[in-house]
Each structure stands twice: as structure tokens, then as C-alpha cells.
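Quick one: this structure, given as C-alpha cells, is what I'll be asking you about.
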Amino acid sequence: LARRRGPPGAAAGLGALVAAVAASAPRFDGRPARHAQAHGDYILRNIQLDDSTVFAFDFEPEATAPAGYDVVRFLVDYATLFGDHGKAGPGQLLSAADSVAFFGGYRFARPADAGIGVLTGVQLVHDWMKLPIDPERHSLIEAVRLNGIRETAARLFPHLRGQGHL
């Protein structure tokens, strides 16, 4: 974070999120996490739908990783861009309806999977760090994504909002 340059205070929220994610990691120690072939690019723009079929495009070599790796990339991408932040409760990535819809169709890893739990915060940090630090340089989609990341982070780590970091 020290190398990121931008307006004064621009990285404060990101730094607070990094600290919150690190502090939350121990609560996942010892909990089970399923492993599977990971794709690494399982995000909304690599999925196509027609009337009855879902197609996922994979441009990266497969590797074994926690199932949460791909699940979290997809769900954080969805939550930050399209999720209903007003309907998702404190500590929840998705609204109850979105969670039921996703996990009703995806049964390999469940919401309590430790990989999903710990990697959600890591993915939020990763996505935030990919954005230009100076808000004046954000495209419309980057501004929407940053707002979604902040809303999602504030839900998952409510103390950050109370401290004025998000």
C-alpha cells in the first residue's frame, strides 16, 4: 500500500480492509474446505447463457485449489456489480435470495466452506487494488465496482464503516 499514490487518504479504506481481512482469517482455521480443479477466471464476463444452458469459457490452465477460489471470484464480481446491498445482512456477501439461488444450483462447496469464508475478503482486497487509486481516473464501471466493493466490505466488516474507513 505504501507504493500506491493518489489523493491524500485514498488508500486509507483499502488499508483498513486489508487489516480486517487479516484479523478475520484465524476464525477459519481448522474448518473444512473442499478442493477441486480451479479455473482462475470464473467471472461474469466468461459465462454465457441461452434459454436452457450455461456455458463457461476457460482460458487458463487448470490447477487444484480450494473450490472457494473460483466461487468467491464469481460471487464477489456479482455482489459488487449487481448485488442488492440493501437486502444482504451484516456479515453476508449476498442477499438471502441470491445465496439460495446460487447455492441451490452449485452444490460442490457450501456457504460454510472455509475457503469461501477466508477468500471473500481477500478477493475484495484484490479487486480494490486493481482499480486506479485516483478516483478521477476511474471509468464508470470502475466507479461502480469501487462503490460495490466498499458496500460489500462494510457489510462483511461492519466496524470499518463505524470507524469512517469506508
Side-chain angles (χ1 to χ4, degrees), residues 1-28 38-49 54-61 63 65-99 101-102 106 111 115-166:
L1 293 178
R3 291 185 197 169
R4 290 180 57 92
R5 302 268 187 243
L14 177 58
L17 177 58
V18 168
V21 169
S24 74
R27 73 179 187 194
F28 301 101
H39 301 279
D41 56 357
Y42 195 57
I43 54 178
L44 294 175
R45 68 177 172 258
N46 289 344
I47 298 172
Q48 300 293 315
L49 307 170
V54 176
F55 300 93
F57 298 94
D58 187 9
F59 301 103
E60 305 217 1
Y69 178 71
D70 280 329
V71 171
V72 164
R73 286 197 68 184
F74 178 80
L75 293 179
V76 166
D77 197 33
Y78 171 79
T80 58
L81 290 173
F82 305 107
D84 189 340
H85 300 292
K87 291 186 178 177
Q92 302 300 309
L93 176 62
L94 303 171
S95 69
D98 286 345
S99 185
F102 179 80
Y106 180 84
I116 292 172
V118 74
L119 292 171
T120 299
V122 172
Q123 188 65 46
L124 285 169
V125 169
H126 177 265
D127 288 356
W128 193 332
M129 290 186 71
K130 289 189 329 186
L131 298 173
I133 194 156
D134 185 350
E136 297 295 321
R137 294 182 47 213
H138 289 175
S139 67
L140 177 59
I141 192 68
E142 288 169 335
V144 169
R145 183 174 298 279
L146 180 57
N147 184 59
I149 290 168
R150 285 184 164 145
E151 286 295 322
T152 303
R155 235 184 7 269
L156 294 175
F157 306 99
H159 68 281
L160 295 179
R161 182 170 287 167
Q163 296 171 354
H165 293 297
L166 297 174

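Excluded from the calculations below are hydrogen atoms, water molecules and symmetry mates; all remaining heavy atoms, backbone and side chain alike, are included. FYI, the numbering just counts along the sequence from 1.
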Among all residues two or more places apart in sequence or in another chain, which pass the salt bridge (charged side-chain N to carboxylate O under 4.0 Å, His left out) test with Arg155?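 So Arg155 forms no salt bridge (charged side-chain N to carboxylate O under 4.0 Å, His left out) with any residue.
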Leu94 to Ala79 - nearest heavy-atom pair and separation: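 That would be CD2-CB, 4.0 Å.
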Checking Arg161 now: which residues fulfil side-chain hydrogen bond (donor to acceptor under 3.5 Å, both in side chains) with it, not counting sequence neighbours? Glu151
For Leu140, check side-chain contact (heavy atoms from CB on, under 4.5 Å) against everything at least two apart and list the hits. Val144
When every non-hydrogen atom of Gly68 is compared with those of Ile116, the smallest separation belongs to CA-CG1, 3.6 Å
Suppose we screen for salt bridge (charged side-chain N to carboxylate O under 4.0 Å, His left out). Which residues come up paired with Asp98, at least two apart in sequence or across chains? none
Rounded to the nearest 0.5 Å, how far does OH of Tyr78 lie from CZ of Phe102? 11.5 Å
Please identify each residue that fulfils side-chain contact (heavy atoms from CB on, under 4.5 Å) with Val125, with sequence neighbours left out. Leu14, Leu17, Val18, Val21, Met129
Please give me the minimum heavy-atom distance between Ala22 and Pro26, naming the atom from each residue. O-CD, 3.6 Å
So do the side chains of Glu142 and Pro132 get within less than 4.5 Å of each other, counting heavy atoms only?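 In short, these two side chains touch, coming nearer than 4.5 Å.
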Nearest-0.5 Å distance that lies between atom OH in Tyr69 and atom CD in Gln123: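 So the gap between those two atoms works out to 7.5 Å.
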Summary of salt bridge (charged side-chain N to carboxylate O under 4.0 Å, His left out) pairs that have at least one residue in residues 117-126, sequence neighbours excluded: none
For Gly148 and Thr152 the tightest heavy-atom approach is O-OG1, 2.7 Å
Ignoring hydrogens, what is the shortest heavy-atom contact between Thr80 and His85? Give both atom names and the distance.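 For Thr80 versus His85, the nearest heavy atoms are O-NE2, 4.3 Å.
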Matching residue for Val72 among Leu119, Leu124, Val122 - test: side chain to side chain contact (heavy atoms under 4.5 Å, CB included): Leu119
Leu146 CG to Leu131 CG distance, which is reported to the nearest 0.5 Å: 6.0 Å
Ile141 and Leu81: CA distance, side-chain angles, deciding distance, side chain to side chain contact (heavy atoms under 4.5 Å, CB included) verdict: CA-CA 8 Å; Ile141 192 68; Leu81 290 173; 3.8 Å; yes
For Leu93 against Ala88, the heavy-atom pair lying closest together: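 Heavy atoms of Leu93 and Ala88 come nearest at O-CB, 4.4 Å.
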One should read off an interatomic distance between Asp70 CG and Tyr106 OH, to the nearest 0.5 angstrom, of 7.5 Å
Can you tell me if NE2 on His159 sees more than 12 non-hydrogen neighbours from other groups inside 6.0 Å? yes
